[in-house]
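Structure, as structure tokens:
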Amino acid sequence: DDPAAWTKYARGMTAPDLLGAQGIVSGGRYIYVIPNYGPLATVGNEKLITRSGIALRYDTERPISDAAAWEAFDTAARGAKPGFVGGVFDGRYVYYVPYGNAHGTGIHANVVRFDSRAPFTAPESWQVFDLNEKLTPGQPNIGYAGGAFDGNYVYFVASTTADSRPAVVVRFDPKKPFDDVASWQRVDAAALLGQPALGGFWGAAFDGARLYFLPHENTPAGEPCSSRMAVYDTRKALDDASAWLHVNLSEWSPNLCGFASGVFDGTYLYLLPCLRSTALRIDTRTEEIVPANAQLFQRWESVTGATFDG
């Protein structure tokens with residue numbers, strides 16, 4: 001609560017057309033800001049929020065208030081559509097998770113990748129791969145929200161189409177070429193688990209062995225938010241149904257739904273609420289994901305991001 005401990009930076013000094021971000025990624029010396037919201041646009045009598053593809057990078061060896069510590073690159077220069085939710089760092093590359101506009105008005109799946117060993121503002125440092133066009137041509141576009149890296153693969157979490165909440169998970173093998181379809185794998189967790197109501201994830205968290213896909217908005221089932229979490233054991237094949245677990249958190253508490261952020265501290269996994277006010281802590285030292293190994297915390301307010309500082 002010490003005001004002197006805080007410093008702010010007005011992003012308008014570097015990227016005036018970036019009005020809001022959806023996540024940050026730490027890549028060693030640099031912090032990468034994931035672009036989402038752009039300027040307001042007037043359509044008829046309405047003002048609509050546009051989306052931005054202007055990525056920012058901050059050099060942590062300089063003061064945060066120093067404009068020279070910041071660089072900007074518009075991913076549109078590489079043909080990418082704007083609007084991303086979350087990012088992933090695999091030790092070399094930064095991946096921008098594609099989303100677009102909410103509720104189907106401009107959903108896209110243009111994964112953007114930046115090589116952190118190359119100049120930030122050079123177009124050739126950036127690549128784009130369209131998950132919808134390359135992996136599922138002709139099918140409804142899917143927007144993704146968040147991802148994770150398990151030390152071997154980069155995962156992208158499906159969140160929405162124009163009229164549904166899928167439970168699709170896509171992963172990429174960074175040891176293989178980025179633009180090769182064979183480097184990518186896609187599964188439908190709802191189909192593997194036989195849970196048609198599963199879907200609408202927002203982000204993922206990794207505990208060193210298992211990936212937790214966070215329930216956010218529900219499939220069309222009359223409920224305002226989802227409590228249905230999918231858990232994948234990364235020690236098994238992605239398309240192995242026995243590697244997957246469905247956990248209905250509403251059976252633990254009716255207030256456990258609508259999460260948008262997960263953090264692992266080495267022992268406990270924290271699920272932080274966005275659409276409700278109850279946070280959840282799970283003890284990962286046991287294989288069982290049951291209420292006896294968890295704690296609930298009340299009175300949280302709309303958390304959309306968090307991290308662990310060690």
Side-chain angles (χ1 to χ4, degrees), residues 7-39 50-100 108-131 133-134 144-156 170-181 183-184 305 307 309:
T7 306
K8 67 179 181 179
Y9 174 74
R11 52 97 196 111
M13 296 171 62
T14 304
D17 287 336
L18 174 62
L19 300 189
Q22 280 277 11
I24 60 171
V25 173
S26 175
R29 171 178 170 177
Y30 297 98
I31 299 292
Y32 300 86
V33 179
I34 309 302
N36 187 281
Y37 300 106
T50 63
R51 291 299 188 264
S52 175
I54 300 176
L56 295 181
R57 184 172 77 168
Y58 164 60
D59 184 347
T60 62
E61 295 185 356
R62 294 171 176 262
I64 197 171
S65 57
D66 182 358
W70 294 83
E71 294 177 279
F73 179 80
D74 190 346
T75 58
R78 294 292 290 167
K81 295 178 181 178
F84 301 87
V85 174
V88 182
F89 183 60
D90 71 2
R92 174 173 177 176
Y93 295 97
V94 180
Y95 302 81
Y96 295 74
V97 181
Y99 187 77
H108 74 86
N110 292 176
V111 175
V112 174
R113 185 172 83 161
F114 166 68
D115 185 349
S116 66
R117 299 179 185 175
F120 189 74
T121 58
E124 58 269 22
S125 305
W126 299 78
Q127 294 173 278
V128 180
F129 187 89
D130 190 326
L131 297 178
E133 178 184 298
K134 300 291 187 180
Y144 293 74
F149 179 57
D150 69 358
N152 293 299
Y153 298 97
V154 178
Y155 296 80
F156 299 85
V170 173
R171 79 176 184 185
F172 167 68
D173 185 346
K175 298 181 292 297
K176 296 180 179 180
F178 182 68
D179 57 357
D180 186 347
V181 171
S183 305
W184 299 80
T307 191
D309 67 0

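As a basis for the values below, the full set of heavy atoms in this structure was taken, side chains included, without hydrogen atoms, waters or symmetry mates.
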Expected output: side-chain H108 to main-chain P98 donor-acceptor under 3.5 Å: no

All side-chain contact (heavy atoms from CB on, under 4.5 Å) counterparts of A148, not counting sequence neighbours: A204, L211

Audit row: V33, W70, side chain to side chain contact (heavy atoms under 4.5 Å, CB included) steps and yes/no: CA-CA 10 Å; V33 179; W70 294 83; 4.0 Å; yes

Value rounded to 0.5 Å, distance of OG in S116 from OH in Y93: 8.5 Å

Mutual orientation of the aromatic rings belonging to F156 and W184 [parallel < 30°, tilted 30-60°, perpendicular > 60°]: tilted

Heavy-atom donor-acceptor pair, R51 side chain to G100 backbone, under 3.5 Å: yes

Y153 and Y155 aromatic ring geometry - parallel, tilted or perpendicular at 30°/60° bounds: perpendicular

is_close_aromatic(F172, F178), centroid dist under 6.0 Å: yes

Sequence neighbours excluded - salt bridge (charged side-chain N to carboxylate O under 4.0 Å, His left out) pairs with any residue from residues 26-37: R29-D59, R29-E61

Would you give me the side-chain donor-acceptor pairs under 3.5 Å for residues 72-81, sequence neighbours excluded?
residue : atom : partner : partner atom : Å
D74     : OD1  : A76     : N            : 3.0
T75     : OG1  : G53     : O            : 2.8
R78     : NE   : P123    : O            : 3.3
R78     : NE   : W126    : O            : 2.9
R78     : NH2  : W126    : O            : 3.1

Non-hydrogen atoms of P174 and F149 that approach each other most closely: CG-CE1, 4.3 Å

Euclidean distance, F84 CZ relative to Y99 OH, rounded to 0.5 Å: 14.0 Å

Criterion side chain to side chain contact (heavy atoms under 4.5 Å, CB included) on F129 and R113, from CA distance to verdict: CA-CA 8 Å; F129 187 89; R113 185 172 83 161; over 6 Å; no

Y95 side, atom OH; F114 side, atom CZ - distance, nearest 0.5 Å: 12.5 Å

Results of side-chain contact (heavy atoms from CB on, under 4.5 Å) for N152 - residues two or more places apart only: D150

Polar side-chain atom of Y58 near backbone of I64 as donor-acceptor pair, under 3.5 Å: yes

Contact list for residues 90-99, test salt bridge (charged side-chain N to carboxylate O under 4.0 Å, His left out), sequence neighbours left out: R92-D115

Distance (rounded to the nearest 0.5 Å) between F120 CZ and L56 CG: 7.0 Å

Qualifying residues under side-chain contact (heavy atoms from CB on, under 4.5 Å), relative to T50, sequence neighbours excluded: P39, A41

